[in-house]
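Not measured: the values here are computed from a predicted model. One-based numbering, in listed order, for ligands and for the atoms of each. Hydrogens, waters and symmetry mates play no part in the numbers below; they use all other heavy atoms, side chains included.
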Amino acid sequence: MQPLNLHDFEARARELLDPGVLAYVEGGALDEITLRENAAAFQRRRLRPRVLAGAGDVDPSTTLLGAPVSMPIGIAPTARQGLAHAGAELAMARAAAEAGVVFTASTMSTMPLETIAGGGGLRWFQLYVFEDKALTRSLIERATAAGYRALVLTVDTPVSSKRERDLRLGVQAVEGVCGNFDPAEPAAVAAASITSNFDPNMTWDIVGWLRSLSPLPVVLKGIVTAEDARRAVEHGVDAIWVSNHGGRQLDRTVAAIDALEEVATAAGGRAEVYVDGGVRRGLDAIVALALGARAVFIGRPAYYALACNGQAGVHDALEILRAELINAMALAGAPSLRDLDPSFVR
Ligand SMILES: Cc1cc2nc3c(=O)[nH]c(=O)nc-3n(C[C@H](O)[C@H](O)[C@H](O)COP(=O)(O)O)c2cc1C
């Protein structure tokens with residue numbers, strides 16, 4: 001049956017995916033309180049629509065870091081997409097390019113970042129910083145050379161978390177060399193492992209280090225407080241991506257949508273602000289856009305759509321979200337993204 005919404009993709013993917021892979025994708029840390037809260041916090045919000053707003057001609061297009069996108073919904077980085085579908089990240093990147101949205105490739109992608117670049121479209125590179133700085137530097141240089149348009153540094157992963165679904169079903173289901181690393185090099189093999197250690201001693205100096213290596217805009221992914229948003233702005237980042245890693249890192253972290261307002265206020269227009277975690281409907285997107293996000297991103301939903309039907313699945317999921325967002329903007333009386341502000345949400 002043709003999926004009508006993102007929940008339909010998820011239900012179908014549950015039937016298709018290997019149980020160990022499903023545990024890896026759908027799970028979160030510890031009691032999964034933050035995982036559940038991400039979605040629940042969106043569903044608690046209520047809209048305050050405006051009438052007679054001339055909403056016949058809705059335009060969800062915008063720009064992200066200066067590049068045009070057809071809508072403010074993009075694809076968050078998720079590792080090891082080859083476990084979902086043989087098309088892996090290339091299929092996902094192609095679907096994003098076709099839809100005119102941004103695709104963020106994970107450091108831990110199944111395919112090498114150069115292969116993914118063949119998908120065209122607006123691509124950002126998500127960076128994990130390893131203790132091996134030469135390895136990290138080479139990733140940055142490769143991403144810059146391969147036409148990625150931003151470095152998305154994930155900052156919520158200084159150490160790994162305890163994910164009990166993985167422990168029960170065995171992480172070996174998702175082990176395997178990630179395409180960005182040379183299997184002939186011991187440091188690369190260690191980095192590509194599911195238990196790989198990112199640099200736990202990373203501090204704010206990292207922003208200057210990235211700037212010294214690449215002219216690309218820097219996005220910090222994993223900020224959930226005004227305090228860190230202010231520091232990010234002081235360090236000159238181009239964008240702040242509000243995220244708790246889809247509830248996969250520090251359980252009991254505040255829900256992403258609940259963190260958004262204070263971050264957007266602290267950023268004060270000096271950096272773009274994005275959010276991910278629990279976005280499943282165009283309605284979630286409109287709430288986040290009204291509360292100060294310039295864009296929202298989806299993680300698991302894109303992975304599930306890829307598992308269901310490769311590139312075509314991701315394409316369909318994005319078009320469903322687009323239709324839902326356009327419909328929500330029309331019904332809310334906000335035909336342009338500029339019309340949205342926090343007064344639309346209670
Ligand atoms: C299977 C899976 C793998 C992920 N891999 C990465 C990753 O490699 N890098 C990263 O920054 N975030 C990673 N994330 C987090 C996502 O980028 C995103 O923050 C999260 O999935 C958003 O929540 P959602 O799944 O509710 O949309 C991963 C998430 C999942 C579900």
Test side chain to side chain contact (heavy atoms under 4.5 Å, CB included), reference V345, set L340, I286, L291, output is L291

Under 4.0 Å from one or more heavy atoms of S106, ligand 1 contributes atoms 7 (C), 8 (O)

Nearest heavy-atom contact between T144 and S214 is OG1-OG, 3.1 Å

Closest to atom 14 (N) of ligand 1 (heavy atoms only, candidates A302, G299, A105, P77) is P77

Within 4.0 Å of some non-hydrogen atom of R280, the atoms of ligand 1 are 24 (P), 25 (O), 26 (O), 27 (O)

Checking heavy atoms under 4.0 Å, the part of A79 that sits near ligand 1 is both

Query raised in the report: Considering distance alone, does some N or O of K221 sit under 3.5 Å from an N or O of ligand 1?
Result: yes

Minimal heavy-atom distance between R211 and D238, with the atoms involved, is NH2-OD2, 2.9 Å

among protein heavy atoms, the one nearest atom 7 (C) of ligand 1 is Y128 OH, 3.3 Å

Near G278 (heavy-atom distance under 4.0 Å), the atoms of ligand 1 are 24 (P), 26 (O)

**Asked** E26 near ligand 1, heavy-atom distance under 4.0 Å?
**Response** no

In short, I33 meets R252 closest at the heavy-atom pair CD1-NE, 3.7 Å

Less than 6.0 Å separating the ring centroids of W124 and F103?
no

Counting from 1 in the order shown, the ligand 1 atoms closer than 4.0 Å to a non-hydrogen atom of G277 are 22 (C), 23 (O), 26 (O)

Look only at interatomic distance and state if Y24 has a nitrogen or oxygen under 3.5 Å from any nitrogen or oxygen of ligand 1.
no

The answer for which part of S243 has a heavy atom under 4.0 Å from ligand 1 is side chain

Short version for R248: what comes under 4.0 Å of ligand 1, heavy atoms counted, is side chain

Scanning both residues in full, the closest heavy-atom pair of L135 with A191 reads CD2-CB, 3.5 Å

Going by the 4.0 angstrom heavy-atom rule, the piece of T154 near ligand 1 is side chain

Discussion item. Is it true that N244 and N38 share a donor-acceptor pair across their side chains at a distance under 3.5 Å?
Written reply: yes

Centroid separation under 6.0 Å, is that true for the rings of Y128 and F198? yes

Non-hydrogen side-chain atoms of D276 and W241 separated by less than 4.5 Å | yes

Ligand 1 atoms nearer than 4.0 angstrom to some heavy atom of V25 are 1 (C), 31 (C)

Residues A271 and V233: closest non-hydrogen pair is CB-CG2, 4.3 Å

Mark the output for D276 as yes if a heavy-atom distance to ligand 1 is under 4.0 Å, and as no if none is.
-> yes

With heavy atoms and a 4.0 Å threshold, my read on which part of H245 contacts ligand 1 is both

